[in-house]
Amino acid sequence: MFDETEVIERRRTVPKGYDWKVVVDPTRTGYDPGFFYGRLFRWTDIVPRRSSDEQSCWPAGMVFQHLRTGEKVRINFRGKAERVR
């Protein structure tokens, strides 16, 4: 049974460009996963293409992690993405 689960997980593919996973979701409470925890997004979903675009819709404190590089980006209280050190 466990072998089948592992095989299924290995075959799971991610659509091209969806490289950013939510690892901290401020809407999460207790065992409730929140709105975004564990979901995948594109960089263009996280950061507007132009600085003149509307402010980000992400809640402050949201942290995204790149699946390949491990880089983390946090949304600050102004709605801007900033690297986590």
Without placing hydrogens or testing angles, list every side-chain donor-acceptor pair under 3.5 Å for residues 39-48, not counting sequence neighbours.
{"from": "Arg39", "atom 1": "NE", "to": "Phe35", "atom 2": "O", "distance (Å)": "3.4"}
{"from": "Arg42", "atom 1": "NE", "to": "Asp45", "atom 2": "OD1", "distance (Å)": "3.4"}
{"from": "Arg42", "atom 1": "NE", "to": "Asp45", "atom 2": "OD2", "distance (Å)": "3.2"}
{"from": "Arg42", "atom 1": "NH2", "to": "Asp45", "atom 2": "OD1", "distance (Å)": "2.7"}
{"from": "Asp45", "atom 1": "OD2", "to": "Arg42", "atom 2": "N", "distance (Å)": "3.0"}

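In this structure, the side chain to side chain contact (heavy atoms under 4.5 Å, CB included) partners of Pro59, at least two apart in sequence or on a different chain, are Pro26, Thr27, Phe36, Met62. Among residues two or more places apart in sequence or in another chain, the side chain to side chain donor-acceptor pair (under 3.5 Å) test is passed with Thr69 by His66. By the side chain to side chain donor-acceptor pair (under 3.5 Å) test, Arg85 pairs with no residue at all, sequence neighbours left out. Under the rule for a side chain to side chain donor-acceptor pair (under 3.5 Å), Gln65 has no partner lying at least two apart in sequence or in another chain.
Applying the salt bridge (Lys or Arg N to Asp or Glu O under 4.0 Å) test to every pair with at least one member in residues 13-30, sequence neighbours left out, gives these pairs: Asp19-Arg68.
Side-chain contact between Trp20 and Val73 is present, with at least one heavy-atom pair separated by less than 4.5 Å.
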